[in-house]
Amino acid sequence: MIAPIKYRSIGKMFFITFLSSLALFGNAQKALQIPAKIDFEAKDVFPWITVGKSTKLSKTVYKNGSQALEIASGSAAQCNLILVPNSTYQITAWVKTESGSDEIQLNMLGLAENNISVASALTGWTLVKKEFHSGECQNKGIIELANPDNSSKNSVWVDDIQIDRIGDFVSVKPAGIKPLPIRKQVLDQGILAQPDEKLAWLLDAKFGMFIHWGLYSAHGQGEWVMYRSAISPDNYRVYAYPTIGDKYFSADKYDPKAWAKLAKAAGMKYMNLTTMHHDGYAMFESKYMNAFTSKQTHNRDFVKEYVDACRAEGLKVGLYKTLINWRFPGYFDVTGTDCKPNPFGYTTDIAHKENARLMKEELYCQVKELMTKYGKIDQIFWDGGWLGQQGGDADGAYFWESGKYLDTKNQWPVNPYFQDLDDITGKPLGLMGIVRKYQPDIIVNPRCGWYGDIKAEEGNAPITGAVRTEDIYEKCMSIGTAWGYASNYEDPNKIKSLDFLKRMLSDCVIRNMVYLLNVGPDKHGKIPQPAQDRLLEMGRWLEQVGEAVYGTRGGPWNPKDGQYGFAYKGNTIYVYLLSDFKGQALTLPSLNKGQKAVKAYVVSDKTPVKMNQNKGREITLSGINRTDKAVTIIAVELNKNVME
Ligand code: GLC
């Protein structure tokens, strides 16, 4: 798997559905045979149609040759494909966004449960790569490149798309119930991924609150405002002081206990707060000499208050920490010989190399502070493992030294004073070495360039495909149109609908994933009312269906995208019926020998559901009444444990 694939979007599910139906029925474009290479060098090379506002060939932004396809916000480009049924294909494409808070999605449509969706939010040209299948009788599909965020003004680009048939694909009808394959504990850079036992609390918890809050919250333009508006570090720091007026990050209503209570009422079991975003403003006390912290500006350690509040409400504690820091020009030019494009006007300068080293050292100092001063931390959401806005999570690992040990020959050495040593070998520790030394149970994602205990899947792109067995995935997205506070957070129509959120959480549960839903509190520290209201609605739904969510595992069978999927716990299988499922009856794959269904009921109101088990041990549920068109969950109780 390539590292740069990041899943995220500001678009809405209906946007995709709308696009796909339009494409399926509305256009008579000629279709592309595979293998296909689309390099956008000639106009007719890609028989694409535009959906939404506009797509055009860009002669200024391209990866190879002299042109790429540019897609305006709220638009998509689509192209029909002729496929061989029962095949495995691979698609690769170079993609790029204007800023890291935009998203480009690559979707494969028209293939029902074989549809796929990947996305990238990276500003440097990034190669996305994904396999997809054509099932029986599926001889056509649609490839779509989308920029679903209608509220942004930014374009996204794609270049050099390549699609190849790489083999056969046979879809097998599942028979019986098999245990999930044992997850391998990967050893990477000297650090072993956590065993299943240490991940269990997260899989049981299922639903958490992500919080993007920092100096940027005062601008109402999301967390990338410093970069997007090219505000120099000097001009940026003033937002921490009242003299700036309206855009002052006052934090005067910061009450993390209220956040934690809200999270709990929303049915969430863990939280994750941005302790420092790419703007480099630390929401905690730091002893690093160049650090810019809330202790200096507000005489408060926001992280400490937050951690205490989580614990008081019995929620697990997560910290978001980015590696990069826009306060350091060296971030764009770590060697001092090759400054990457940046909005601040920095150009190549040999002094940048030492500046980059200081940035790294600050990170080491702060990670140790976060790991040692706040008690047990349950999760880190790393971000920003790349350098100079280029590449993916793992591309900066040589610089950051993300694994167990530091390399004595590294060109950006951490001064001995800021080093931490391994108790056994006495060797200086790398980033994950420090993390695991102080927090042996912690769960981290891969964005510091280390493999990760769990994977991150970012954005609103629909979740598709089978139950995730190799790795556990945390899907994250924002309830609003941006991660950090944006003024339209106050508009209830710009907040994701209850049905959308229910569907996303369900799509996670049936694939053994967890769902981290973000809110962006305002400059005072208040979570905008429309977001609060929606979360409370979610909590009310979870009060009714919680038994089918918490403590379950995805399976025992794979879902059918958009239609249904399964989760199980003890002797109960929970059948999730999603919005595209229109039937009144459903026959499940067969049970194991000796397993019998004893009872079936709608989880939300406990009304009984008719069921019938045939000789082949297949249960048919019938007379299904979809009072909840978004997600209806039916519990099927067996005479013995599901995994027996
Ligand atoms: C991206 C963005 C960042 C955001 C994060 C959340 O990496 O750069 O702004 O915090 O996604 O997952």
Side-chain angles (χ1 to χ4, degrees), residues 3-11 95-105 118-124 126 128 149 151-152 154 156 208-217 219-229 271-283 318-326 331 342-343 379-396 400 444-449 452 454-461 463 473-486 489 504 513-521:
I5 296 184
K6 300 177 73 196
Y7 298 74
R8 102 171 341 201
S9 120
I10 320 288
V95 296
K96 170 179 162 44
T97 62
E98 191 154 336
S99 97
S101 45
D102 303 309
E103 165 175 287
I104 176 163
Q105 281 183 9
V118 291
S120 170
L122 296 172
T123 53
T126 301
V128 294
D149 183 3
S151 62
S152 148
N154 291 339
V156 299
M209 179 184 272
F210 205 4
I211 304 158
H212 274 66
W213 191 55
L215 267 195
Y216 45 81
S217 309
H219 284 256
Q221 294 172 47
E223 77 290 354
W224 271 63
V225 62
M226 178 178 177
Y227 183 92
R228 275 180 159 180
S229 303
M271 296 177 77
N272 196 301
L273 170 70
T274 47
T275 62
M276 188 181 103
H277 208 268
H278 312 334
D279 62 358
Y281 180 67
M283 306 286 278
L319 305 180
Y320 163 109
K321 176 77 176 73
T322 189
L323 277 62
I324 72 174
N325 192 330
W326 293 326
Y331 162 65
N342 65 83
Q379 186 197 37
I380 298 181
F381 191 113
W382 293 117
D383 196 8
W386 52 85
L387 290 166
Q389 306 300 127
Q390 316 235 325
D393 296 335
D395 290 343
W400 302 112
V444 312
N445 75 1
R447 291 210 185 141
C448 73
I454 56 169
K455 300 287 179 198
E457 187 166 315
E458 190 179 271
N460 296 338
I463 309 170
Y473 281 77
E474 184 182 57
K475 172 82 170 175
C476 65
M477 68 174 65
S478 189
I479 198 166
T481 56
W483 298 94
Y485 181 77
Y489 255 104
M504 273 295 164
M513 298 168 63
V514 299
Y515 187 33
L516 183 62
L517 180 62
N518 176 73
V519 293

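Note that ligands are numbered from 1 as they come in the structure, with each ligand's atoms numbered from 1 the same way.
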Counting each atom of ligand 1 from 1 as listed, which ones have a heavy atom of [X] under 4.0 Å away?
X: Tyr320; result: 10 (O)
X: His277; result: 3 (C), 4 (C), 9 (O), 10 (O)
X: Glu223; result: 3 (C), 4 (C), 9 (O)
X: Trp483; result: 6 (C), 12 (O)
X: Trp224; result: 2 (C), 3 (C), 8 (O), 9 (O)
X: Phe381; result: 12 (O)

Task: With sequence neighbours excluded, residues passing ring-ring contact (aromatic ring centres under 6.0 Å, His included) with Tyr281 - done: Phe292
Open item on the list: The test is side chain to side chain contact (heavy atoms under 4.5 Å, CB included); show your working for Tyr331 and Asn325 and say whether it passes.
Closed with: CA-CA 7 Å; Tyr331 162 65; Asn325 192 330; 6.0 Å; no
Task: Test side chain to side chain contact (heavy atoms under 4.5 Å, CB included) applied to Gln390 - qualifying residues, sequence neighbours left out - done: Lys340, Pro341
Task: Salt bridge Asp393-Lys455, side-chain N to carboxylate O under 4.0 Å - done: no
Task: Residues Met209, Val519; criterion side chain to side chain contact (heavy atoms under 4.5 Å, CB included); working and verdict - done: CA-CA 7 Å; Met209 179 184 272; Val519 293; 4.2 Å; yes
